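Below, each value reflects all heavy atoms present in this structure, side chains not excepted, and no hydrogens, waters or symmetry copies. Since the structure is predicted, the reported quantities are computational estimates derived from the model, not experimental observations.
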Amino acid sequence: MRSCLRNLLAAICVLIFGCVCVSFFACILSAFSPILTDNGGGKIEAAHLLKVSWFTFYQAVLSMCVACAVGIPLGFFCGRRKFFGRDFLLSLSSVPFCIPALIVALGYISFFGLSGTLNTFLKSIFSTENAPVTFLYSKTGLIIAQGFYNFPIVMKTVSDTFERIPNDKAEAARLLGASESRIFRTITLYQILPSIISSSIPVFIYCFMSFMLVLLFGAVGCTTLEVEIFQSRAAINFRNAGIFALAETTIAAFVVAAQSMAEQKSFRIRGIAADGRFIRKNPKGFVELSSLVFLLVLIIIFFLCPLFGIFESAASSSIRTIGGKTAYSFQTFKNLVRFKSFFASLKWTFVTASCTGAVCSIMGFVYSVFLNENSISKKRNSKSNSLFLKILAMMPMAVSGVVIAFGISILVKKGNVALLIIAQSALGWPIAFKQIHAQVSKIPARTIEAAKLISKNNAEVIFRIYMPIAKRGILSAFCFCFSISAGDTTLPLVLSIPKFDTLALFTYRLAGAYRFHEACASGILLGAICIFFFAISMRVFEPKNRIQ
């Protein structure tokens with residue numbers, strides 16, 4: 001009886017994996033299908049397509065450069081130096097994953113906006129009516145916001161690499177009289193380069209597919225492929241939307257493939273543990289100390305202050321006193337609870353995020369088992385075959401939420417909750433796969449082979465060997481995907497499900513209705529939910545033994 005139940009559960013898991021994969025490919029083909037037909041609307045000009053594609057690529061590269069310019073030196077300081085606030089700085093690495101882009105946009109508006117905290121403060125000092133800081137609604141504002149939003153990804157990866165790479169080669173070079181600059185160029189840079197590439201490419205992808213920040217900050221001429229797809233779909237110009245979708249997905253697919261290969265090359269360095277003699281030192285000399293202080297000031301201004309601005313705006317009352325001073329209270333949160341759709345949005349956030357997390361975990365586990373079994377059965381060709389299968393698993397990351405929602409809108413007349421869960425799962429399961437596969441790949445091949453000799457039932461091997469060992473990765477993947485799904489604004493917005501709200505979509509609608517204080521309060525609640533589940537994910541997944 002127990003064996004039959006396990007076989008049934010295994011079959012259901014495989015069926016879920018197959019259904020989501022088929023739905024994903026059907027949506028992709030549907031999104032590209034209008035290219036072959038002309039369903040009305042003006043035809044896109046090649047010059048406009050190139051212009052939009054170039055700006056999308058251009059702003060993503062510059063945003064990535066900003067993230068690297070801040071993240072790489074901070075990664076060095078966090079990995080090799082000790083200073084006050086180091087642990088707090090490393091904890092910021094969770095922000096790009098657990099704080100939705102919508103909340104970051106609200107933070108930048110509340111602090112750098114024309115009526116934001118910074119401009120209000122400067123206008124009171126200089127007694128001027130015009131806002132002194134006006135960079136936000138421009139290309140510069142978009143690049144700064146995206147770069148500082150994603151710099152922790154680069155910082156954390158580079159810091160981990162500096163902690164793990166041995167120092168013996170650099171010490172040997174110093175004994176031979178090599179200068180510090182030469183050691184960095186010939187040894188250190190070579191050691192950390194794969195990690196720089198593997199961390200900067202995801203930043204490029206996130207900025208390349210940026211939607212919410214471009215939608216809110218984009219000035220005239222600052223439109224990206226993602227926004228063009230959304231606007232063309234809204235104008236019922238499906239052919240143009242299909243062309244933009246194909247261009248975006250093709251470019252992103254090449255970048256994702258490059259990322260997978262870069263991660264494969266950096267795997268050796270990540271696996272190297274620093275020896276026990278490695279001890280962090282204080283910053284050396286005036287140059288290092290001044291550089292660290294300068295970077296920390298930038299982080300405070302462009303990263304922490306916008307996040308603080310959300311709390312300031314949520315706590316401030318929209319009604320000002322006669323003296324011009326702002327009243328601070330919890331009234332905004334009380335007003336938030338009074339909205340009829342608030343509790344419905346909270347309910348649907350947990351429902352959709354829980355289902356998405358469960359489906360992503362199932363898909364990640366099924367593919368991890370398949371990949372591990374394939375590696376065991378084909379030991380001779382496992383290296384090249386495994387790399388191809390890993391790249392294949394990462395391909396959904398090359399597809400944006402707007403593209404998948406556009407494909408769904410062509411297949412069905414109206415979106416629904418089930419389609420939202422399928423779409424989020426189809427895009428998010430590669431993240432679950434990476435976390436679960438990290439646990440599954442540690443299982444020795446001999447253990448699997450011995451288990452198969454004892455029991456010929458494959459379901460028994462899965463439930464007795466794979467699942468107990470990978471349970472930490474499965475739980476971590478569930479919480480991670482829950483956090484990402486809860487903070488997703490793009491898919492619920494583009495699918496336009498009737499009488500449906502998530503907390504992220506509710507926050508966006510409040511901001512669009514100029515209820516900015518309530519939007520910030522809702523964003524704080526959304527961020528708290530995402531941070532809570534992301535913290536559980538990291539606590540379960542990350543190893544406890546770290547270099548101090």
**Report entry** Distance-only donor-acceptor check, side chains Glu248 and Ser400, under 3.5 Å
**Finding:** yes
**Report entry** Distance, nearest 0.5 Å, that separates CD1 of Ile484 from SG of Cys479
**Finding:** 11.5 Å
Query - Result of checking Gln439, Glu373, Lys471 against Tyr466 for side chain to side chain contact (heavy atoms under 4.5 Å, CB included) - result: Glu373
Query raised in the report: Going by atom types alone, do Thr507 and Ser522 pair a side-chain donor with an acceptor below 3.5 Å?
Result: yes
**Report entry** Passing candidate, side chain to side chain contact (heavy atoms under 4.5 Å, CB included) with Thr356, options Ile422, Ile421, Leu491
**Finding:** Ile421
Query raised in the report: Any Lys/Arg nitrogen of Glu163 or Arg81 sitting under 4.0 Å from an Asp/Glu carboxylate oxygen of the other?
Result: no
Query raised in the report: Is a side-chain N or O of Ser354 found less than 3.5 angstrom from the main chain of Val351, in a donor-acceptor match?
Result: no
Query - Main-chain N/O of Asp501 paired with Ser345 side-chain donor or acceptor, under 3.5 Å - result: no
Query raised in the report: Any side-chain donor paired with an acceptor under 3.5 Å for Gln191 and Thr161?
Result: no
Query raised in the report: Taking atom types as modelled and ignoring hydrogens, do the side chains of Thr56 and Thr224 form a donor-acceptor contact shorter than 3.5 angstrom?
Result: no
Query raised in the report: Between Leu420 and Asn416, does a side chain to side chain contact (heavy atoms under 4.5 Å, CB included) hold up when you go through it step by step?
Result: CA-CA 6 Å; Leu420 174 64; Asn416 54 57; over 6 Å; no
Report task. Hey, can you tell me if Phe151 and Phe148 have their rings parallel, tilted or perpendicular (30° and 60° cut-offs)? Result -> perpendicular
